[in-house]
Amino acid sequence: MLCGIVDLGSNTIRLSIYHCDKDQFRLLMHKKTMAGLAGYVQEGVLSDSGILVACRTLAGYRALLDNFNVSHLHVFATASLRNIFNTAEAVEAIRDVTGIQVEVLSGDEEAALSFRGAVLPGGVSTGVLADIGGGSFELVRYEDMTITSACSLPVGSLSLYTRFTGGLFPAADECRRMRHFVHEQLEKAGASQIQRKHLCGVGGTVRAVAKLCNDVYGRDPELRTMSAQELKDLYKLLKKGGRDTLRQLLRSAPDRVHTLLPGLIILNAIVKTCGVETVVASAAGVREGYLMDHVLKI
């Protein structure tokens with residue numbers, strides 16, 4: 001069976017096509033669109049223009065799947081539709097225009113599915129998972145491959161950028177305000193209670209940070225492990241700004257020039273708060289968890 005899974009996120013809309021055979025699956029193709037839906041939210045409402053962007057992207061994905069004779073399509077939304085006031089209206093509009101039903105995941109569901117997709121397939125048995133998206137991030141504390149606590153915070157790389165940044169690249173004072181805000185949110189969520197040496201990072205932000213880290217330090221491009229000190233030094237390097245920094249970002253993560261530094265601020269805040277020593281950027285995450293739990297039911 002061929003199956004398409006779409007993650008309708010706040011920053012990116014991602015399609016993954018899998019070949020499934022009983023309880024086994026493998027990724028055949030991946031496509032993403034930098035839709036930036038969080039930028040279409042005004043006073044908590046996703047605008048008609050934002051809904052239209054989602055509709056056009058999903059319709060394009062549906063046409064692509066039809067060309068490959070893929071009849072199984074499952075679409076879920078995270079903070080993009082969860083953290084707005086007009087969730088029901090947006091879901092209804094997307095269904096009316098495209099014929100596609102979108103399932104909106106709660107923060108707890110997203111956290112659990114990210115854990116299942118990223119950690120359970122042979123990950124470190126005890127640690128913390130951080131899924132940093134465009135509109136939210138989820139924290140999952142786990143021990144012996146079992147979740148012990150989970151929470152979702154309405155702060156993401158794109159929403160943080162939109163809220164605090166006036167230009168293309170955050171200024172020093174904007175970075176300070178972002179750091180303060182993220183630490184406030186972590187304190188409210190009681191994240192300091194989560195003390196783990198290992199962090200499994202999920203999402204495009206963490207993968208982009210790993211890629212940039214490898215580029216800056218001249219390491220193997222496929223390396224996915226980063227130390228807390230490396231992340232701290234990387235932040236110091238990026239917050240200087242300037243042409244060299246911009247060139248570095250354009251070379252390593254051109255589609256995340258504006259959101260990578262806010263995302264790194266979130267990641268460093270989590271690392272500091274939870275006493276993390278090493279971070280591994282996972283290649284899998286919520287889409288794989290959704291596939292296993294909601295589609296294959298394994």
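In what follows, every heavy atom counts, from backbone to side chain, and hydrogens, waters and symmetry copies are set aside. Counting begins at 1 with the first residue of the sequence.
Contact of the Q248 side chain with the V216 side chain is registered, since non-hydrogen atoms from C-beta on lie closer than 4.5 Å. When side chains are defined from C-beta on, R82 counts as touching S136, because their heavy atoms get closer than 4.5 Å. Inter-residue side-chain proximity for L28 and F68 is flagged as unmet; no heavy-atom pair is nearer than 4.5 Å. No side-chain heavy atom of I147 sits under 4.5 Å from any side-chain heavy atom of R141. Between D7 and L15, every side-chain heavy-atom pair lies at or beyond the 4.5 Å cut-off. Two residues are said to be in side-chain contact when any heavy atoms from C-beta on lie closer than 4.5 Å; L199 and V280 fail this criterion. Proximity of T148 to Y142: side-chain heavy atoms (C-beta onward) are nowhere separated by under 4.5 Å. M226 has its side chain within reach of V209: a pair of non-hydrogen atoms, C-beta onward, lies under 4.5 Å apart.
Pairing each heavy atom of C55 with each of I94, the nearest pair is SG-CA, 3.8 Å. Between L158 and G39, the shortest heavy-atom contact is CD2-N, 4.3 Å. Here the closest non-hydrogen pair linking S114 and D131 is OG-OD2, 2.5 Å. The shortest heavy-atom contact between S282 and C200 is CB-SG, 3.8 Å. Of all non-hydrogen atoms in L37 and G50, the two that sit nearest each other are CD2-O, 3.4 Å. Among all heavy-atom pairs drawn from V124 and V119, the shortest one is O-CG1, 3.9 Å.
Each side chain to side chain donor-acceptor pair (under 3.5 Å) pair with one or both residues in residues 159-175, not counting sequence neighbours, would appear here, but there are none. Screening residues 63-74 for side chain to side chain donor-acceptor pair (under 3.5 Å) gives R62-D66 as the qualifying pairs, with residues at least two apart or on separate chains. Applying the side chain to side chain donor-acceptor pair (under 3.5 Å) definition to pairs two or more places apart or across chains, those involving residues 25-43 are R14-H30, S16-H30, K32-D255, T33-Y61. A salt bridge (Lys or Arg N to Asp or Glu O under 4.0 Å) check over residues 288-298, counting only residues at least two apart or in different chains, returns the pairs R116-D293.
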**OP:** Apply side-chain contact (heavy atoms from CB on, under 4.5 Å) to Y18 and V295, showing your working.
**Re:** CA-CA 11 Å; Y18 301 91; V295 181; over 6 Å; no
**OP:** Step by step, work out the side-chain contact (heavy atoms from CB on, under 4.5 Å) result for I84 and L81.
**Re:** CA-CA 6 Å; I84 59 175; L81 299 188; 4.0 Å; yes
**OP:** Would you check, one step at a time, whether the test side-chain contact (heavy atoms from CB on, under 4.5 Å) holds for R251 with D215?
**Re:** CA-CA 9 Å; R251 184 170 65 245; D215 189 17; 3.1 Å; yes
Original post:
Does the side chain to side chain donor-acceptor pair (under 3.5 Å) test come out yes or no for D144 and S125, once each step is laid out?
Top reply: CA-CA 5 Å; D144 295 330; S125 63; 4.6 Å; no
Subject >> Derivation and outcome, side-chain contact (heavy atoms from CB on, under 4.5 Å), residues H183 and K272 >> reply: CA-CA 9 Å; H183 278 287; K272 182 177 181 180; 4.1 Å; yes
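In D233, the CG atom is crowded: over 12 heavy atoms of neighbouring residues, nucleotides or ligands sit closer than 6.0 Å. For Y217, the OH atom is densely surrounded, since the number of other residues' heavy atoms within 6.0 Å is greater than 12.
Without hydrogens or angle criteria, N268 side chain to L231 main chain gives a donor-acceptor distance under 3.5 Å. Looking only at distances, no side-chain donor or acceptor of T278 sits under 3.5 Å from a matching main-chain atom of S227. Side-chain atoms of S152 do not come within 3.5 Å of backbone N or O of G107 as any donor-acceptor pair. Put simply, the side chain of T98 never gets that close to the backbone of L58: no donor and acceptor are under 3.5 Å apart. Remark: side-chain polar atoms of S252 are not paired, donor with acceptor, to backbone N or O of L249 under 3.5 angstrom. No donor-acceptor pair closer than 3.5 Å links the side chain of N214 to the backbone N or O of R219.
Here R176 contributes atom CZ and I265 contributes atom CD1; the two are 11.0 Å apart, rounded to the nearest 0.5 Å. Note that CG of L296 and CG of D21 are 10.0 Å apart. Values are rounded to the nearest 0.5 Å. Remark: L238 CG to L212 CG distance equals 5.5 Å, nearest 0.5 Å. Rounding to the nearest 0.5 angstrom, the gap separating the CG atom in L264 from the CZ atom in R256 is 13.0 Å. Distance check: C175 SG to L261 CG gives 4.5 Å after rounding to the nearest 0.5 Å. With rounding to the nearest 0.5 angstrom, the CG atom of L260 is 11.0 Å from the NZ atom of K211.
Note on F181 and V271: same hydrophobic cluster, where clusters join Ile, Leu, Val, Met, Phe, Trp and Tyr whose side-chain heavy atoms are under 4.5 Å apart, directly or indirectly. Both I100 and I17 are members of a single hydrophobic cluster when ILVMFWY side chains are connected at heavy-atom separations under 4.5 Å. Cluster annotation: V41 is not connected to M34 through the hydrophobic network of ILVMFWY side chains, with a link wherever side-chain heavy atoms come within less than 4.5 Å. In terms of hydrophobic clustering, with Ile, Leu, Val, Met, Phe, Trp and Tyr side chains grouped at heavy-atom distances under 4.5 Å, I51 and V97 are assigned to different clusters. Neither F25 nor V6 shares a network with the other; the hydrophobic side chains, linked directly or stepwise wherever heavy atoms of I, L, V, M, F, W or Y lie under 4.5 Å apart, form separate groups for each.
Among E138, E110, E109, the single residue meeting the side chain to side chain contact (heavy atoms under 4.5 Å, CB included) criterion with T78 is E110. Residue F137 forms a side chain to side chain contact (heavy atoms under 4.5 Å, CB included) with just one option from V155, L160, V202, and that option is V155.
By the side-chain hydrogen bond (donor to acceptor under 3.5 Å, both in side chains) test, R177 is found to be paired with no residue, residues two or more places apart in sequence or in another chain being considered.
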Tabulate below the donor-acceptor pairs under 3.5 Å that side-chain atoms of residues 184-197 make, not counting sequence neighbours, or state none.
unit_1, atom_1, unit_2, atom_2, d
E184, OE2, H180, NE2, 3.3
Q195, NE2, S192, O, 2.9
Q195, NE2, T273, O, 2.9

